[in-house]
Number of protein chains: 2
Amino acid sequence: MVTLAEVARRAKVTGATVSNVLRNPQKVKPETVERVMAAIRELGYRPNLTARALARGRTSTLALMLSNIANPFYPEFVLAAEREARKRGYFLLVCNTDDDPAITRAYLEQIAGSLASGIIVMNTDLGEGELTDVANRGVAVVLCMWEHVQPSRTLPCVTIDFAAAGALAATHLSGLGHRKFGALVGAGSGGPQTIRLDGFARALAAHGHSEKSLTVVHAHDSLESGYEATMGLLHRKPALTAIFATNDLMAIGAMQAAADLGKRVPDDLSVVGLTDIVLAHQFRPALTTVRLPTAEIAARSIALALEMVEGGTSTQDLYVVRAPELIVRESTGPAPSRRRRA
Amino acid sequence: MVTLAEVARRAKVTGATVSNVLRNPQKVKPETVERVMAAIRELGYRPNLTARALARGRTSTLALMLSNIANPFYPEFVLAAEREARKRGYFLLVCNTDDDPAITRAYLEQIAGSLASGIIVMNTDLGEGELTDVANRGVAVVLCMWEHVQPSRTLPCVTIDFAAAGALAATHLSGLGHRKFGALVGAGSGGPQTIRLDGFARALAAHGHSEKSLTVVHAHDSLESGYEATMGLLHRKPALTAIFATNDLMAIGAMQAAADLGKRVPDDLSVVGLTDIVLAHQFRPALTTVRLPTAEIAARSIALALEMVEGGTSTQDLYVVRAPELIVRESTGPAPSRRRRA
DNA sequence: GTGAAAGCGCTAACAA
DNA sequence: TTGTTAGCGCTTTCAC
């Protein structure tokens, strides 16, 4: 391994100067810079990032804690996050927790042991206390897309207005003349997505619908779970004409269930999702959904973490990214004429 | 930050002993272990992984180079890889290259600068030379799912028999009585997937089909590209009754194209994919496909990289993982009776 | 503008 | 069984 010392020797300077050439070339005489660069090239020198991290007191690594990257939302998020991190010279560690607190804790231990200098936590079964501990050890902790009613009092949080997202879906469906609604509420991790539901329910009420017009059913963040939940829901409430799912995967499962029950989407049943994953527009019928600014949230979270890392500061602010947006596609339509069913 | 020295002081031993307690407790008197562990607990000590890496000469990080994690194959791969790595105390860095040689090179530079002690390269536009350079710097380089005809002479490679995979598809389709075939060949990165196609074509020939019975069209590893390619293909060759796509995403795009052209799958057109991503069985009609042992390849690649890292050895062997397997679902069926079309 | 020197926190001989 | 002693390769004051 070629070290900085060898480069120094060859360029007839000391290590300090080589180090400066690499990081503040303007502080070094141009000719010296030239000589050092030449030596670096000739020797094929690459700075040892581990040594650098040790000397500087921080690594160029950020960790991303998520429950399971196989959920299609995450790859989209990771892609954007990685790009932002790379732009700023950082690397991304993917930490799949499988929603297992033991795994999550193990990761936190390592990260607290200076594996990464910052960490984006997308969800977790852990209490806020354990995360605060890590933050107190000097790691930049950023909560991302947290859905608790009460945002953290000690950790910064990047999120979007989930209630508004739910409301968008409700207004759309209500505007199409629907009267009997079903809601599929996911609970991938970090508890049920109740804020999304609340936003939906509240907007329904605002549009004059009674509480009885909405039937809620709980599920998990998967296509299969959305399918099962919808089968049960439509069995119990065959008169439903509109379903809101708190995420797209469940919405797609709902459409498949409808198809299997002989219901046409959107003629017999309208379905609206939430997230706008890539599959949403690829699926047939294309899913009407509320788009979350995924890439923007990812980039913002990384940027915030890096600000904290590099500024050595901490914050507990709440950052709410751009509002969600309704994307109307093929899965929603006017409520079927009421004559068709009792 | 609590350091090893502070733990040592508190436990009234030296750093060397604390270090031993952590890594070879059997070499330390039980009571001392007790005392040290108590100190660790009381102080909330976490070993600094950066310092450890510097002292040991290697990090506990592995890099995974892939073109774009948004392609659904990769998250499935990453999930398995991360699990295997975690089991052995390593962490996974996700490196999205976007098939951009500049990005790939930048990552390699950093990795060569001891960012990671091993690297799994899934595909790349780079020549083997640049990878060999990295390997020569002491990084464990493992090629994974390489599809070149000539496997590397200097780097180990974990892969599967892509030709056999293609052949499986051909045999299935031929057995169903099809006579006019189309093939969608992807080229996500690392060049076109010609081995898959060759296996398919050769098996077709072996079953007595002439060369003219197969029409090949090139596309990219995406649903949209599979859609477009199929539109073009069916326009030029309306008599096709079977399509083989070298990956599932394109196969699904093909099914959508068929639907838009008024062709029913599998009644009018059979479609078979390759990979068996999760979406393959979730989609309707469920896709018949050749399953690749994704998780197994991932785990094997990680394991091999770690063997090299920990053993300090290198190898140039070719590891061929379990054979692919045909998964028959709903997208393939008997060739339509020949009377229906000229 | 450049060099000398003291670490960063841990590991790994080798001694004791 | 435990301690001593050098580093690992780089950064970073502080002199010169």
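Just so we're on the same page: letters track the sequence lines, and every chain starts at 1. FYI, side chains are in, hydrogens and waters are out, and symmetry mates aren't considered; it's all heavy atoms of this structure.
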Trainee: Please report, rounded to the nearest Å, how far the P atom of C:dA4 is from the CG atom of A:N20.
Mentor: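 Result: 14 Å.
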Trainee: From D:dT12, D:dG3, C:dT11, pick the nucleotide closest to the side chain of A:S19?
Mentor: D:dT12
Trainee: Rounded to whole Å, please give me the gap between CZ in B:R52 and C1' in D:dG9.
Mentor: 19 Å
Trainee: Just to confirm, is there a sub-4.0 Å distance from OP1 or OP2 of C:dC10 to any side-chain nitrogen or oxygen of B:R23?
Mentor: no
Trainee: With no hydrogens and no angle check, is any side-chain donor or acceptor of B:N24 less than 3.5 Å from a backbone partner on B:K27?
Mentor: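 Not a single qualifying donor-acceptor pair exists.
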Trainee: Please state how far atom CD in A:E6 lies from atom P in D:dG9, giving the value in whole angstrom units.
Mentor: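 In whole Å, D:dG9 P lies 9 Å from A:E6 CD.
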Trainee: For the backbone of B:T59 and the side chain of B:S117, can you confirm whether one donor and one acceptor N or O come within less than 3.5 Å of each other?
Mentor: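 Confirmed, B:S117 side chain pairs with B:T59 backbone.
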Trainee: Indicate yes or no: does B:K87 engage B:E84 in a salt bridge with an N to O separation below 4.0 Å.
Mentor: yes
Trainee: Can you measure B:N48 atom CG to C:dG9 atom C1' for me and round it to whole angstrom units?
Mentor: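 So the two atoms are 6 Å apart, to the nearest Å.
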Trainee: Mapping A:T50 and B:K27 onto DNA chain D by nearest heavy atom, which one lands closer to the 5' end?
Mentor: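 Counting from the 5' end, the first nearest nucleotide belongs to B:K27.
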Trainee: Quick check on DNA chain D: between A:L4 and B:K12, whose nearest nucleotide comes earlier from the 5' end?
Mentor: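 Its nucleotide being nearer the 5' end, the pick is B:K12.
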Trainee: Any side-chain N or O of A:T14 less than 4.0 Å from the OP1 or OP2 oxygen of C:dG3?
Mentor: yes
Trainee: Side chains of A:S152 and A:Q316: do they bring a donor and an acceptor to under 3.5 Å?
Mentor: no
Trainee: Calculate the interatomic distance between B:M1 atom CE and C:dG7 atom P; express it in whole Å.
Mentor: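 So the two atoms are 18 Å apart, to the nearest Å.
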Trainee: Please report, rounded to the nearest Å, how far the P atom of C:dG3 is from the CZ atom of A:R9.
Mentor: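 The answer, rounded to whole Å, is 14 Å.
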Trainee: Which atom pairs link the protein and nucleotides 14-16 of chain C when you take only N or O atoms and keep those under 3.5 Å?
Mentor:
none

Trainee: Which nucleotide in the set D:dG9, C:dC10, D:dT12 lies at the smallest distance from any side-chain heavy atom of A:R56?
Mentor: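 Given the options D:dG9, C:dC10, D:dT12, the side chain of A:R56 is closest to D:dT12.
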Trainee: Is there a side-chain polar atom (N or O) of B:T17 under 4.0 Å from OP1 or OP2 of D:dG3?
Mentor: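 Answer is yes, contact under 4.0 Å.
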Trainee: What is the nucleic acid contact for A:T32, judged by heavy atoms within less than 4.0 Å: base, sugar-phosphate only, or nothing?
Mentor: sugar-phosphate
Trainee: I would like to know whether B:R105 and B:D100 meet salt bridge (charged side-chain N to carboxylate O under 4.0 Å, His left out); could you show each step before the answer?
Mentor: CA-CA 9 Å; B:R105 247 178 230 118; B:D100 178 339; over 6 Å; no
Trainee: Has B:T32 got a side-chain atom pairing as donor or acceptor with B:V28's backbone, closer than 3.5 angstrom?
Mentor: no
Trainee: Side chain of B:K29 only, heavy atoms from C-beta on: which candidate in D:dT2, C:dC10, D:dG3 is closest?
Mentor: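 My answer, after comparing the listed nucleotides, is D:dT2.
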Trainee: Pick the nucleotide of DNA chain C nearest each of B:L54 and B:A16; which residue has the one closer to the 5' end?
Mentor: B:L54
Trainee: Quick one: side chains of residues 298-305 of chain A, donor-acceptor pairs under 3.5 Å with protein atoms, not counting sequence neighbours, listed by atom name and distance.
Mentor:
residue, atom, partner, partner atom, Å
A:S301, OG, A:I297, O, 2.8

Trainee: Once you round it to whole Å, what is the distance between P of C:dT2 and CD of A:E34?
Mentor: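 Spelled out: CD on A:E34 to P on C:dT2 is 13 Å.
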Trainee: Using atom types as modelled, flag every donor-acceptor pair under 3.5 Å from a side chain in residues 90-97 of chain B to any protein atom, sequence neighbours excluded.
Mentor:
residue, atom, partner, partner atom, Å
B:Y90, OH, B:R58, NH1, 3.3
B:Y90, OH, B:E310, OE2, 3.0
B:T97, OG1, B:L66, O, 3.3
B:T97, OG1, B:D99, N, 3.2

Trainee: Just the rounded figure in Å: distance from P of C:dC10 to CG of B:L22.
Mentor: 9 Å
